Structure formats: structure tokens, C-alpha cells
Amino acid sequence: MGFRDGGRQMNRRNVSFLGLWTVVAVLWPLMTGTTADAQSAQESPAGDFVPVTDAMLQNPAPEDWLSFRRTLDAWGYSPLDQITRENVGRIRMEWTRTMADGSAETTPLAYDGVLYVANREDVIQALSAETGDLIWEYRRDLPEDIWGYTGPLARKTRNIAIWGEYILGTSADHYAYALSAVTGELAWETRILDYKVNPAHHSAGPIVADGRLISGRSCRPLGGPDACVILAHDARTGRELWRRRTLPAPGEPGNETWGAVPYEDRRHVGTWMPPSYDPELELVYIGTGVTAPAPRFMLGGTDLTHLYHNSTLALDVATGEIRWYYQHLNDSWDLDHVFERILVDTAVAPDPEAVEWINPRLKAGEVRRVVTGIPGKTGLVYTLDRATGEFLWATPTVRQNVITGIDGATGEVSLNEEVIFRELEQVMFICPSWAGGKDWEAGAYSPLTRTMYFPLRQACAEMLVTTDFKSEKVKALDQIVAHYALAANHVVAPGTDQLGTVRAISAETGETRWVYETRAATFSLLATGGGLLFGGDQGGRFRSLDQETGEVLWEINLGAPVMGFPVTYAVSGRQYVAVNTGPGRLTNARMTPELRPGRGSNLFVFALP
């Protein structure tokens with residue numbers, strides 16, 4: 001096997017597997033004397049495993065789901081069309097499997113009849129995509145003290161990647177690693193950070209872009225600025241290729257935006273959701289989060305912009321160089337902008353009746369290569385030129401009171417001065433709250449309708465800035481985030497009792513085509529070639545909507561919040577839809593206390609009879 005980190009033995013694994021062919025696969029390198037890297041270039045020991053190439057990731061076969069949002073442009077769309085508007089009401093549960101206890105927000109990968117599923121605490125399973133039977137399981141041997149450094153959010157893994165003959169991930173103990181897709185055996189691992197020195201979260205996994213494993217992380221304040229990094233590793237060997245900090249150091253571009261704040265006190269601008277990739281431009285698009293603390297008066301002054309927080313970064317895939325950036329919000333309220341960036345080539349013709357801010361230089365109807373979607377918790381749609389970062393248009397989708405305007409010519413965002421914190425113990429009513437607007441739950445884009453679909457929520461909060469978390473003020477609120485110096489009481493936005501929505505927005509015009517509302521918070525979406533949209537909610541309902549109208553065509557109660565990212569795949573000509581449940585988010589539950597779903601973590605798979 002290929003060793004990393006000074007050649008230490010790789011004992012951080014516990015793999016179980018079934019069948020004689022897997023035994024042969026494990027023994028093969030010993031019998032032949034080949035290393036893991038050399039073996040990957042040869043025929044698979046299983047005899048029929050076809051290595052996944054960059055071309056396959058960029059244009060997957062219809063039956064496969066090979067990346068976080070299936071394609072590197074983050075559409076969350078599959079062309080499979082066996083399940084349609086006409087027959088979706090007939091689908092039934094084909095199989096189910098219990099997952100590790102606790103919150104699970106996973107994205108299964110589907111390739112050649114196998115589902116690769118990430119469970120909590122770095123447990124990876126390969127399952128038969130037809131039956132759910134276990135093929136192999138990898139359990140990482142994590143240090144006993146790990147959670148005291150990384151915090152509980154690091155227990156979850158939202159996605160893994162596949163490339164060559166490897167399943168690839170990033171671990172809670174700060175390694176990038178590769179497993180044999182055939183056996184689950186550890187092929188290589190490379191340390192990213194020392195979790196005791198620079199603790200960070202790895203709640204989301206990597207993508208692979210041109211043979212490079214690209215990963216970000218949510219850096220904890222204890223980790224300092226050096227924990228806030230985006231990395232590229234050679235997907236075949238694990239060798240680190242580049243490392244990009246999201247916090248500028250003295251002498252680097254952006255340093256001046258931090259004023260007199262010492263470098264070691266610049267913290268917590270994380271990249272905690274997976275990026276997108278344009279192979280023609282060779283650009284990786286990734287979003288960043290907020291500072292710690294969040295209120296800017298605690299970081300040198302409200303006039304500073306503290307790059308590169310709440311920004312879209314376009315990185316050169318070969319070097320990690322920032323080609324361009326766009327800052328969406330100068331934050332004081334924990335409104336991260338780390339979510340999926342959707343890449344579309346589209347006519348750009350924003351409708352002035354539907355879109356609030358438009359670039360005056362825009363030639364309506366001109367086809368542009370854009371990066372679009374709702375990148376942050378504010379719930380604003382932003383459409384930018386993805387080659388240059390030029391602002392094209394933006395518009396709100398939920399109740400919000402933090403942004404008052406965007407200069408169409410420059411893209412500069414203006415804030416509501418009345419809700420900017422300026423001293424400790426101030427209380428403001430903020431919409432949306434840090435629950436979002438939009439949060440990590442992914443939207444989808446359908447080329448059938450040229451429409452984007454987003455799971456959103458109408459949430460506000462009475463928000464307090466404080467460092468005294470034992471005060472009577474704080475005790476009266478329902479949530480504390482100490483490293484942001486914030487506490488809050490979250491409520492459904494005034495004027496509605498419906499927390500959750502799904503909104504359909506034209507990628508060309510910005511027009512809202514329909515809105516579906518529900519009491520429960522809505523979660524990640526999947527669009528299909530059958531004209532369907534699949535998604536679930538906090539109350540445990542999993543449903544299918546018509547992409548054209550938003551009409552609910554099918555619904556089932558899965559008994560627990562539908563926390564996973566739904567995917568669809570096909571085996572032997574039969575289409576399946578998969579999604580997982582798990583304990584829901586407390587913030588959402590507090591806003592809808594009458595909804596009392598279970599807490600079970602299970603993977604459910606559906607198909608037509």
C-alpha cells in the first residue's frame with residue numbers, strides 16, 4: 001500500500017467485506033508486489049471495475065451519480081425519465097437500511113450498480129444499489145479526544161467523491177484519504193492539519209477536478225487563520241498540490257481590509273460546502289463563511305470588509321490562485337455564503353418587474369457563462385459572469401432586512417445601517433436569522449424548464465450581541481453561538497405561518513414561476529428528466545413536485561426529518577430514488593414545535609413496481 005505522513009503505518013481503518021472476489025482483491029498486491037498506486041493503473045482485481053475518469057465526472061452516464069450534485073456544475077439534475085409525472089404516484093419503497101445514529105446529511109454516490117454511502121464519524125459503506133446488501137464497510141479509527149477539538153459538527157459527512165478506482169474523502173481528524181472502491185481498503189492518506197493545533201470541521205467532503213481532490217473546511221476559531229484553507233491533492237497519490245488560505249496575511253492582497261487586527265486574531269472564514277468546477281475555464285468556485293466574532297465592531301470597525309468572508313472565490317484549479325472574488329455581504333449576523341454555486345450557460349434577460357438589481361450595461365438576451373443560485377443565508381439570488389465575476393443581477397426571495405441595495409454597475413452591496421451591531425448587548429430583529437433564508441440544503445437546476453429550484457425558509461430572529469452568556473438576556477433566548485458573540489430567539493417571519501418554501505426561479509429572467517409553501521422547513525432537492533422535483537422536510541415528508549407547476553404529485557411520511565441530499569440512479573434499466581432521514585435541526589424544530597417527527601437515521605430507496 002502507498003503510505004503517507006512520514007511513512008507511518010495505516011492502522012486507521014476497520015474494513016469488512018463479503019465474497020471471495022474481495023478476498024482476492026485484498027491479497028492481490030501482496031501476491032504481485034504492486035503498490036496501490038501502480039495497481040490503480042492496472043486491471044481491477046475484481047475484473048470488471050471500470051475506473052472513473054475526469055471525462056466521466058464532467059459528463060456522467062445517465063444511470064450514475066458520481067459527484068456531490070451529480071455534475072461538477074452543481075445542477076442536482078439527472079436525465080433519468082422512467083419515473084414521470086404520470087406514474088410517480090405508483091412508486092414504492094424498494095429497500096431501506098439503518099444508518100449510524102445521529103444527524104446524517106449524506107449524498108450517496110451511484111456507480112455501476114453500487115451505492116457508496118457516507119455515515120457519521122467517517123464510516124463509509126458500499127451497498128448493492130438494487131438490494132441494499134452490504135458489500136464492504138470502512139470505519140476510521142478516530143482519536144478518542146477528537147471531538148473536544150473539532151466540535152460535534154465534524155461528526156457528519158455530507159459527501160464523498162469517486163475517481164479512478166478510489167472513493168475519496170476528508171476525515172474528522174483532518175486527513176484527505178482514498179479507499180479502494182472495490183474492497184474499501186485504505187489506499188493512501190495525507191494529513192491536512194494537526195487537529196490539536198489547527199482544529200477545523202470537515203462536515204462536507206471533496207470534489208475531483210481534473211484529477212485534483214479539492215476540499216474546503218469550516219475552520220474553528222481555536223484553529224487560527226492557518227486552519228482556514230482550501231486544498232488540492234493529487235487524487236491518485238494524495239500528494240498535496242496547493243493550499244489557499246481564506247484569510248490574508250500581512251503583505252498579501254486583502255490584508256488592508258482587516259485594518260489593525262493582528263493576523264493571529266483573524267479567524268473562522270470557512271469553506272464548509274463543496275465547490276463547483278468549470279473544466280473549460282479551469283476555475284473552481286467556492287463560497288466562504290463569516291468571521292468570528294461576527295459583529296464587525298469587534299474586529300476593528302464596521303467600515304472594514306474583512307476579506308474574504310461571505311464571498312465567491314474563483315480559484316485556478318492548477319495553482320489555487322484567486323482569479324476573482326465577489327463579496328456578497330459584509331456580515332454581522334452569521335449569514336454564511338458557502339452554498340452551492342450553479343454553473344449555467346444561459347441567455348441573461350432579467351425582468352425589471354421581477355428582479356430588484358440589474359447591471360445597466362447588460363445586453364438583454366445575451367448568452368453568458370454564469371455562476372448563479374442562492375449562495376448565502378440572506379436568500380438573495382446572485383447571477384455573476386463566471387469568467388470575470390462581473391455582477392449581472394440579484395433579487396431577494398425571502399423576508400430580509402440586512403441588504404438595502406446593490407449597485408448594478410459595480411455589484412457593491414449596501415447594508416441597512418439600522419441593524420448593524422455597534423456595541424455589546426445590543427438587540428436587533430434580523431431577517432433572515434442564521435437559520436437562513438437558505439442554508440446548506442441544496443437547490444437544483446433543470447434544463448427542461450431552464451429553472452432553478454430552492455428550498456428556503458421564512459425565518460427571523462431577535463438577535464443579541466454579547467460575551468456574557470450567563471446573563472438573564474441570554475437565558476431568555478433559545479440559541480447561543482459563543483464564538484460569534486451572538487445569541488438569538490428564532491421565529492417564523494412576520495406575516496406568515498409557513499416556515500418552509502420551495503421557490504422556482506427562471507435562470508434567464510429571474511422571474512418566480514411558482515412557490516410551494518409548507519409549515520415544516522424544506523430540505524435538499526433533486527430534479528429529473530421526468531419533469532419531477534424530489535425533496536423532503538423537517539416533518540418527515542418526502543414528496544415529488546411537478547417542475548412546471550409546483551403541484552405535489554406524490555408524498556410519503558418517512559417518520560423522521562428528510563435530512564439527506566436525494567439522488568437518482570438506474571441499474572439494469574430500472575430507475576431508483578434514494579434519500580436518508582435523521583434527527584432534524586433544533587432551530588427549525590423550535591420554530592414549529594407542534595411538528596414532532598422521529599429521529600431515526602435510515603436510507604430509503606424507491607422505484608416503480
Side-chain angles (χ1 to χ4, degrees), residues 257 269 287-291 294-297 299 301-312 325-339 341 350-360 362 371-384 389-422 426 428-439 443 452 454 456-463 465 484 486 488 490-491 493-496 501 503 505 510-512:
T257 66
V269 176
T288 63
V290 300
T291 60
R296 288 178 291 138
F297 79 87
L299 286 171
T302 59
D303 58 325
L304 300 176
T305 55
H306 303 107
L307 290 178
Y308 292 94
H309 90 281
N310 277 1
S311 298
T312 294
Y325 73 91
Y326 176 86
Q327 189 170 44
H328 299 273
L329 180 70
N330 200 356
D331 191 272
S332 289
W333 314 276
D334 183 22
L335 300 178
D336 289 308
H337 278 65
V338 299
F339 312 130
R341 269 62 177 171
D351 180 354
E353 296 296 318
V355 174
E356 194 151 344
W357 302 293
I358 300 172
N359 187 327
L362 195 59
V371 51
T372 186
I374 299 179
K377 292 183 180 180
T378 57
L380 268 67
V381 179
Y382 287 87
T383 297
L384 310 174
E390 179 187 13
F391 174 84
L392 301 177
W393 62 267
T395 201
T397 62
V398 297
R399 174 79 174 265
Q400 71 89 22
N401 66 352
V402 296
I403 292 175
T404 57
I406 299 177
D407 186 321
T410 66
E412 184 177 354
V413 177
S414 297
L415 301 179
N416 180 358
E417 294 290 330
E418 294 183 0
V419 298
I420 296 174
F421 291 116
R422 301 184 188 279
Q426 276 190 307
M428 301 285 187
F429 189 73
I430 305 298
C431 299
S433 74
W434 65 66
K438 188 183 182 300
D439 206 348
M452 303 180 287
F454 297 104
L456 305 171
R457 57 186 64 92
Q458 297 283 4
C460 300
E462 183 183 27
M463 199 175 295
V465 57
Y484 295 141
L486 296 174
H490 300 266
V491 297
T496 183
T501 69
R503 185 176 290 262
I505 302 167
E511 175 190 6
T512 292

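For clarity, every value in this text was computed on a predicted model and none was experimentally measured.
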Any donor and acceptor pair, going by atom type alone, linking the side chain of [X] with main-chain N or O of [Y] inside 3.5 Å?
X      : Y      : answer
Arg341 : Phe339 : yes
Asp439 : Lys377 : no
Thr288 : Tyr308 : yes
His306 : Leu299 : yes
Asn310 : Gln327 : no
Ser433 : Ala435 : yes
Gln458 : Thr496 : no
Thr383 : Thr372 : no
Arg503 : Thr397 : yes

For [X] and [Y], which heavy atoms make the closest approach, and how far apart are they?
X      : Y      : answer
His490 : Ala461 : ND1-CB, 4.0 Å
Ser332 : Phe421 : O-CD1, 3.7 Å
Asn330 : Leu304 : ND2-O, 3.0 Å
Pro396 : Trp357 : CD-CZ3, 3.8 Å
Pro352 : Ile358 : CA-CD1, 4.0 Å

Within 6.0 angstrom of Phe297 CZ, more than 12 heavy atoms from elsewhere: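 Yes, the 6.0 Å shell around CZ holds more than 12 heavy atoms from other groups.
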If you count every heavy atom of other residues, nucleotides or ligands that lies below 6.0 Å from Gln426 atom CD, does the total exceed 12?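 Yes.
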Sequence neighbours excluded, which residues qualify as side-chain hydrogen bond (donor to acceptor under 3.5 Å, both in side chains) partners of His328?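 Expected list: Thr312.
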Point-to-point distance, once rounded to the nearest 0.5 Å, from [atom1] of [X] to [atom2] of [Y]:
X      : Y      : atom1 : atom2 : value
Thr395 : Tyr382 : OG1   : OH    : 10.5 Å
Thr378 : Asn401 : OG1   : CG    : 11.5 Å
Leu380 : Ile403 : CG    : CD1   : 4.5 Å
Asn359 : Trp393 : CG    : CH2   : 13.0 Å
Asp334 : Leu486 : CG    : CG    : 6.5 Å

If the plane angle is over 60° it's perpendicular, under 30° parallel, otherwise tilted; pick one for Phe391 and Tyr326.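 Parallel: the ring planes of Phe391 and Tyr326 meet at under 30°.
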Do you know which of Lys438, Arg457, Gln400 makes side chain to side chain contact (heavy atoms under 4.5 Å, CB included) with Pro432?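 Among the candidates, only Gln400 passes.
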So which pairs with a foot in residues 391-420 pass salt bridge (charged side-chain N to carboxylate O under 4.0 Å, His left out), sequence neighbours left out?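 Passing the test, one end in residues 391-420: Glu417-Arg422.
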Restricting to salt bridge (charged side-chain N to carboxylate O under 4.0 Å, His left out), what partner residues turn up for Glu356, sequence neighbours left out?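 Per chain and number, Glu356 pairs via salt bridge (charged side-chain N to carboxylate O under 4.0 Å, His left out) with no residue.
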Can you check whether Ile420 reaches Trp333 side chain to side chain, under 4.5 Å on heavy atoms?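 Side-chain contact under 4.5 Å: yes.
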Does a side-chain heavy-atom distance below 4.5 Å link Ile374 with Leu456?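 Answer yes - side chains close enough.
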